[in-house]
Student: 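Okay, handing you the structure first.
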Amino acid sequence: MVLKFKKIAVKIGSNVLTQKDGTLDIPRIEKLVTQIAQLHKAGLEIILISSGAVAAGKSQLKVSKKIDPISARQLFSAVGQVTLMNHYHRLFSEHGIFCGQVLTTKENFGSRRHYLNQKNCMSEMLAHNVIPIVNENDTISVTELMFTDNDELSGLIATMMGMEALIILSNIDGIYNGNPEDKNSQVIETVEANKNLSQYIQTGKSSFGRGGMLTKTTIARKVADEGIHVFIANGKKDNILLDLVNKEKHVICTQFIANRKEVSSVKKWIAHSDGFAKGEVHVNAGARKALTGNKATSVLFVGITEILGEFEKDDIVKIIDENGKQLGVGKTQYDNKKATQLIGKKGQRPLVHYDYLYLD
Ligand code: GLU
């Protein structure tokens, strides 16, 4: 088999991993693991982003009605994550492959230190032929601290690890140009870089929203714009992974063609980190004009009016203008204490250098 890629991230959704009654679909997981093992042996680097923890816990534990939904999710994920990893461990072992668990939270992407720690951990795993299996740490990520879903997480992981492709496995063949249940609808097979997708949302939110297609599309677009090919495909189809990476096969799915422009990894991280910013830097009208003008401009202390939140050097901060509007995000060169002391001062190193600034 001629492989299309050398490094891929594969996201498997809960709806692929579970049966109608909510229990884990072990034969399905086994089939996916067998394919991943085959690709791993062929020399492909693979990172798995697997959902299914909450679903697995829920199908095993009977809980009292008194428990609130947040506590229930925490409880189910704690129990289900163990079950899930047990299956992966057993199934990969049958192929003589080690897998390892990486649990993360949104907060871990806002701090450069945590970000690099995660990256280093996964790089070591790959270097030692271990397959990383990533999931959100649902036991502590609750409400506003959560990722939108594992699609968002998979996009971040693919970007962070410099993967060539991200395969998002769901229970439908891809994005349709109409209601997926309508016989006349067809899968949109390719979406070019920088393409606005609103034209595809023709049949109202409900059909498009099934299986979270709207978030999938947003994430896919963003990731593809950063140079990574994204596929949205049906994880319930036999041999789906083998066929997708095989140069000689054609698979019905939606592919977002990667933008060929090179983007630095720090810029990618910053671009993705909007929701994870640790602090806010408020600037005056003069600074806003300079930043939004044609020349590349750094965020200087003379234009800063206020600094909010606690952050360390190299963390992500939001840049807010005098009207409270967010201008963008950037990597700070100071912690919040030092930065606050320098507000209004001239002749200092900028708070955010323009190389590390991502404007909206
Ligand atoms: N992290 C959740 C789980 O493992 C899934 C989140 C999602 O489905 O997007 O159950």
Side-chain angles (χ1 to χ4, degrees), residues 9-26 28-29 32-33 36 47-61 63 67-89 91 99-109 118 122 131-160 166-172 175 208-223 230-236 272 275-276:
V10 178
K11 184 256 169 176
I12 313 181
S14 300
N15 46 18
V16 177
L17 299 172
T18 51
Q19 309 181 88
K20 280 204 184 87
D21 64 2
T23 56
L24 287 179
D25 185 346
I26 309 299
R28 174 64 46 206
I29 300 177
L32 290 165
V33 167
I36 293 168
I47 296 178
L48 209 56
I49 298 91
S50 178
S51 303
V54 175
K58 198 172 181 175
S59 67
Q60 294 174 84
L61 268 188
V63 298
I67 191 164
D68 66 88
I70 294 174
S71 308
R73 191 170 157 277
Q74 290 178 295
L75 174 67
F76 293 146
S77 64
V79 173
Q81 182 66 23
V82 180
T83 312
L84 194 63
M85 287 310 292
N86 245 312
H87 287 295
Y88 278 124
H89 172 74
L91 294 168
C99 61
Q101 171 181 269
V102 178
L103 294 179
T104 187
T105 64
K106 201 167 184 167
E107 278 208 307
N108 294 139
F109 284 85
Q118 295 188 104
M122 277 188 259
I131 297 188
I133 304 183
V134 187
N135 197 2
E136 182 167 8
N137 188 348
D138 297 300
T139 63
I140 53 169
S141 312
V142 292
T143 56
E144 74 278 5
L145 295 176
M146 281 160 61
F147 292 107
T148 314
D149 49 32
N150 269 4
D151 296 323
E152 184 185 17
L153 173 59
S154 68
L156 287 161
I157 297 287
T159 310
M160 175 169 87
L166 166 65
I167 298 173
I168 298 180
L169 295 179
S170 175
N171 59 353
I172 58 171
I175 296 169
F208 200 73
R210 277 168 44 109
M213 273 303 160
L214 193 53
T215 38
K216 278 190 182 51
T217 309
T218 314
I219 298 296
R221 173 73 289 134
K222 203 166 178 175
V223 174
V230 184
F231 299 84
I232 297 180
N234 194 338
K236 298 224 172 201
H272 267 286
F276 320 138

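Hydrogens, waters and symmetry mates play no part in the numbers below; they use all other heavy atoms, side chains included. Numbering of ligands and ligand atoms starts at 1, following listing order. Throughout, numbering of the chain's residues begins at 1 and tracks the sequence.
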Student: Around atom 10 (O) of ligand 1, find the nearest protein heavy atom and jot down its residue, atom name and distance.
Tutor: Val54 N, 2.9 Å

Student: If the cut-off is 4.0 Å to any non-hydrogen atom of Asp149, which atoms of ligand 1 fall inside it?
Tutor: 9 (O)

Student: Checking a contact table here: which protein heavy atom is nearest atom 4 (O) of ligand 1, and how many Å away?
Tutor: Asn135 ND2, 2.8 Å

Student: Below the 3.5 angstrom mark, is there an N/O of Ala55, backbone or side chain, next to an N/O of ligand 1?
Tutor: no

Student: The test is side-chain hydrogen bond (donor to acceptor under 3.5 Å, both in side chains); show your working for Thr18 and Asp25 and say whether it passes.
Tutor: CA-CA 5 Å; Thr18 51; Asp25 185 346; over 6 Å; no

Student: Is any side-chain heavy atom of Phe109 less than 4.5 Å from a side-chain heavy atom of Met160?
Tutor: yes

Student: Applying side-chain hydrogen bond (donor to acceptor under 3.5 Å, both in side chains) to Ser141 and Asp138, what does each step give before you reach the verdict?
Tutor: CA-CA 5 Å; Ser141 312; Asp138 297 300; 5.5 Å; no

Student: Within the 4.0 Å heavy-atom shell around Ser14, which atoms of ligand 1 are there?
Tutor: 8 (O)

Student: So if I apply the side chain to side chain contact (heavy atoms under 4.5 Å, CB included) rule between Ile47 and each of Ile157, Val102, Leu166, which one comes out positive?
Tutor: Ile157

Student: Pick out which of Leu156, Thr104, Val134 makes a side chain to side chain contact (heavy atoms under 4.5 Å, CB included) with Gln118.
Tutor: Thr104

Student: Roughly how far, to the nearest 0.5 Å, is OG1 of Thr23 from NZ of Lys58?
Tutor: 13.0 Å

Student: Against heavy atoms of Ser51, which atoms of ligand 1 measure under 4.0 Å?
Tutor: 4 (O), 5 (C), 7 (C), 8 (O)

Student: side-chain hydrogen bond (donor to acceptor under 3.5 Å, both in side chains), that's the test. Do Thr105 and Glu136 meet it? Break it down for me.
Tutor: CA-CA 6 Å; Thr105 64; Glu136 182 167 8; over 6 Å; no

Student: Against ligand 1, does Gly13 come closer than 4.0 Å with any heavy atom?
Tutor: no

Student: Counting only heavy atoms closer than 4.0 Å, does ligand 1 sit against the backbone of Asp138, its side chain, both, or neither?
Tutor: side chain

Student: What protein heavy atom lies closest to atom 9 (O) of ligand 1? Include the residue and the distance to one decimal.
Tutor: Asn150 N, 2.7 Å

